[in-house]
Amino acid sequence: MENSNNINSTDNVNNSSISVESILQRLNPPQLEATTIINGAVQVIAGAGSGKTRVLTTRIAYLITQGIKPYQILALTFTNKAAREMKERIANFVGSSLAERIWAGTFHSIFARILRYESELLGYSKNFSIYDQDDSNSLVKEILRELKLQSKEYQPNQIHSYISKLKNNLVSPEEYQQEVKSQYHKNVAEVYFKYQELLKTNNAMDFDDLLLNTLDLLAGNKEVLEKYQKQFKYILVDEFQDTNRPQYLIINNLAKAHSNIFIVGDDAQSIYRWRGAEIRNILDFKNDYPMCKMIRLEQNYRSTSNILDVAHSIIEHNKNQIKKKLWTENEKGDLIDVIEAEDENNEGEKIANQIIKLVENGFNYEGIAVLYRTNAQSLVLERSLRLRNIPYQVFGGLSFYQRKEIKDVVAYLRLLINPHDSVSLLRILNEPPRGIGRASLDHIIEYANTRDISLFEAFLYHNEITNLQSRAHLGVKNFIDLIKKYQEALDYYALDSAIPDFIQETGLLDMYKEIDSDETNDRWNNVMQLINDIIRFARENPNLSLNDYLQQVSLLTDFDVKDFVDGRVALMTLHTAKGLEFPAVFITGLEKGLFPIIRNRLSTEEEEEERRLFYVGITRAKKKLCLSYARRRSRFGEYQNQLPSNFISEIHQDYLNFIGKLKNTNSYSQNQYKSNSFLSGSDLKSGNHKYFPDEERDTSYSQLLEDETFHTGELVQHSHFGEGRIVGVMGSGQNMKITVDFKSVGRKQLMAAFAKLTKVKY
DNA sequence: TAAAAAATCGTTTTT
DNA sequence: CGATTTTTTA
């Protein structure tokens, strides 16, 4: 049996460009072991840059050549993008038709997929909504309002993160309710209770539920468990150090039938403990799989030995860690540069200078990353890079799908397939205004509560609600008619015709058009982009539904959506940088209080996690590492004096090369920055021509965009608006907007990152 | 009820 | 400082 499979897959291997055998030969002994021991439990401690991804992909390709069917392989990664890239690499070995069928994805997306098949067993219908943090907060907020708990002690996001913590520790509302003593916590317990209840009523799951419900499903249904145990004969988990308890229990349930489980991780790179990740999982693994083979990958292929030494000297300060020592055959390389800056603007400027120097010395823009602890730091850095015409790309932060107008449209769509989703309903109820105010709404909510029905059902019975004004009755009626109409339309019309009509009829677009401001124009354009995206999705996937589209969208992050573009410096948080590598890395804001970050006081555990984060940052660098800090930094509009981070003093000074040491001059006065600040993004919004005449904009930006795909004056093709000419480019990073003069509809501002424009050659 | 004015508060990090 | 939320007023 194995033989015939072998022949089949060998055919496939021969058809593709690279043979697995040739790759196996290039692995070092522990890598080879990790790749080819395919049966039983294997735990790999993979140091930074030790070829972990290579092992994972080669191993999966090897499994397939050994006759394992791709759908029998479950590979769990940390981001959708990592899964996608892994599949692409495996496709090089075994062809894309096989690679496509591997169950590779994030915990959340894979489990969402399983839950959709099995939802009815848990009392959910197939079209359940997935609530992101924002949605969950709204739900908590609504509950707090109902329970009259709207004081400072009860902040929706804090309460939600508390509930989330309880859920990740597998504490049910009932258990928590019995456990707590103080009135405050009793109230929290009640919110928790109500929250879970409402999620069920809404036919919705939050991010945590995707894990917990999967766990319940497998623990409570023998047949289902056996079905998936039988299917997933080989399980691989990447970034194991960042799994939380429910994730561990799920994998454990799935794997215990055959114990073919392969986990890769590095305790030194555990940076998500605040989100519930547990080191305990690594220790428990050895107990649950006593026969497990332990492999260490300690040879680093990425960094210079200087960089590696510095990383090691940092992580050594942590008490809690598995002892290991990375080594490399790479050259010593340069010292680590340290930049001292006057303030955050000066920091940005010096980094920009340094980047220019690096590029003069043979580095490419795309090989450079600027990392920071908090997203808020990116703004100043962006401005500095812009001033020096350095092209860049920001990852993370607020993504397209988190924009208000996009979330609104998505809420409309969710309501169509899951009308019980009260969070979505409340979100768009008065968007545009429909004459249903808070008073009316409270009556309807009360009606729903007393009858134990969903909010939408209460809307349907609005005629029964006596204390409603006639204006509210009319508003409600129009609203439910709209939803009902398009619920039916979905049965009869194709997605790509029904959805644009629906969104048109919601009145959202008209509302944006009525007020002619930059903001509403942007929103109008963004909604149009989304509509195009849906149309494209519908045409590319004729057998998939709106439900499929929505589930996909709700689990996407900015990082998943955005590809690295050549010729641009990458800006992102240290967390986002995990798993990546760059020839040159800048780590910014190394100041006390900022990195390591301090909220109240820093516990040893938290400090160690910050240190691991620093370690992650350092080990992203291949050739060049540069650290920077500022003497003062503005916070909430006011300057604060800063001290260098103790992380810098933890490095042996022999490794450091201080550049641009500060003299006590006033050359970087506030005034100078004030005068430059006209270049800031907010002033560049369209219509602000008093600051920016056309000629001036052209010269300053055509230089900036030298490496861009789009230049002023070029002809482009848009999937919806047709052909047009670029008349301006402004903003930058994920907010980069280009103004295009379309033949069909005239001038439009488009988000470059999402417009999917193609160039017209002439 | 909706728009305009005032007040508040924020900065961790993300699936 | 600037975005978001709450309060006031028409």
Side-chain angles (χ1 to χ4, degrees), chain A residues 76-83 105-112 130-134 136-137 141 145 150 152 155-158 161 164 168 205-211 239 242-244 246-247 270-277 344 371-380 395-399 402 404 429-441 469-472 474-475 511 515 519 554-560 572-578 589 593-600 602 606 609-610 612-614 616-617 633-640 674 677 680-682:
Chain A
L76 296 164
T77 58
F78 209 70
T79 62
N80 292 298
K81 196 177 190 176
T106 62
F107 280 91
H108 290 83
S109 63
I110 295 279
F111 296 161
I130 296 174
Y131 285 173
D132 65 13
Q133 194 140 353
D134 213 47
S136 299
N137 283 344
K141 197 173 167 188
R145 179 198 295 277
Q150 287 168 290
K152 270 197 180 134
Q155 291 194 23
N157 54 351
Q158 274 178 26
S161 81
S164 173
N168 280 318
M205 299 189 194
D206 66 11
F207 281 160
D208 301 319
D209 286 338
L210 293 178
L211 308 178
E239 308 280 11
D242 287 325
T243 54
N244 64 22
Q247 286 168 330
S270 159
I271 54 174
Y272 285 103
R273 288 236 304 223
W274 54 274
R275 212 172 78 188
E344 73 269 23
L371 310 181
Y372 35 82
R373 182 67 237 282
T374 64
N375 277 308
Q377 288 164 257
S378 79
L379 278 174
V380 181
F395 291 87
L398 193 73
S399 84
Q402 289 174 300
K404 183 194 180 310
L429 183 58
N430 279 311
E431 206 76 36
R434 257 178 267 271
I436 308 162
R438 192 68 233 182
S440 310
L441 187 57
Q469 307 247 325
S470 61
R471 175 148 70 141
L474 188 68
M511 181 178 75
I515 314 159
E519 199 193 350
S554 49
L555 293 170
L556 283 179
T557 66
D558 186 49
F559 192 63
D560 291 322
M572 66 186 87
T573 64
L574 286 137
H575 282 86
T576 308
K578 191 175 79 158
L594 183 59
F595 191 22
I597 202 158
I598 295 171
R599 283 190 77 175
N600 298 314
L602 203 61
E606 285 168 328
E609 176 140 320
E610 292 288 308
R612 289 194 294 271
L613 189 58
F614 188 37
V616 166
R633 187 174 289 274
S634 79
R635 247 176 107 98
F636 310 140
E638 275 185 9
Y639 271 105
Q640 229 173 38
K674 279 268 159 63
S677 70
S680 76
S682 58

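Chain letters run A, B, ... following the sequence lines, proteins first, then strands; residues in each count from 1.
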To the nearest Å, give me how far apart [atom1] ([X]) and [atom2] ([N]) are.
X      : N      : atom1 : atom2 : value
A:R635 : B:dT12 : CZ    : P     : 8 Å
A:I271 : B:dT15 : CD1   : P     : 11 Å
A:N157 : C:dT5  : CG    : P     : 11 Å
A:D134 : B:dT15 : CG    : C1'   : 14 Å
A:F636 : C:dT4  : CZ    : C1'   : 14 Å
A:L371 : B:dT13 : CG    : P     : 14 Å
A:Q377 : B:dT11 : CD    : C1'   : 9 Å
A:D206 : B:dT15 : CG    : C1'   : 11 Å

With respect to the phosphate group of [N], does any side-chain polar atom (N or O) of [X] fall under 4.0 Å of OP1 or OP2?
X      : N      : value
A:T576 : B:dT14 : yes
A:T79  : B:dT15 : no
A:N375 : B:dT14 : yes
A:N430 : B:dT1  : no

If you pin A:Q155 and A:R471 to their nearest nucleotides in DNA chain B, which one's is more 5'? A:R471
Earlier contact from the 5' end, DNA chain B, for A:L555 and A:G437: A:G437
Of the nucleotides [options], which one has an atom closest to the side chain of [X]?
X      : options                : result
A:Q133 : B:dT14, B:dT11, B:dT13 : B:dT14
A:E610 : B:dA2, B:dT12, B:dT15  : B:dT12
A:A439 : B:dT1, C:dC1, B:dT12   : B:dT1
A:H575 : B:dG10, B:dT14, B:dT1  : B:dT14
A:K141 : B:dT12, C:dT6, B:dT11  : C:dT6
A:S440 : B:dT1, C:dT5, B:dT14   : B:dT1
A:T106 : B:dT15, B:dT1, B:dT12  : B:dT15

Centroid-to-centroid, A:F107 to A:F78, below 6.0 Å? no
Using the six-membered base ring of B:dT15, report whether A:F78 stacks on it, requiring centroids under 5.5 Å and planes under 30° apart. no
Short N-O contact, A:K578 and A:D242, less than 4.0 angstrom: yes
Regarding A:R373 and A:E610, does a basic nitrogen lie under 4.0 Å from an acidic carboxylate oxygen? yes
N/O donor-acceptor pair under 3.5 Å between A:S136 side chain and A:D132 backbone: yes
Nearest-Å distance once atom C1' is located in both B:dT11 and C:dT6: 22 Å
A side-chain contact here means heavy atoms from C-beta on lying under 4.5 Å apart; do A:F595 and A:L574 qualify? yes
Which nucleotide, in any strand shown, forms a Watson-Crick or G-U wobble pair with B:dT13, with both distances under 3.5 Å? none
Paired with C:dT5: which nucleotide, if any, by Watson-Crick or G-U wobble criteria at under 3.5 Å for both distances? B:dA6
Parallel, tilted or perpendicular: which one describes the rings of A:H108 and A:F207, with boundaries at 30° and 60°? perpendicular
Across the strands shown, which category fits A:Y272 at heavy-atom distances under 4.0 angstrom: base, sugar-phosphate, nothing? sugar-phosphate
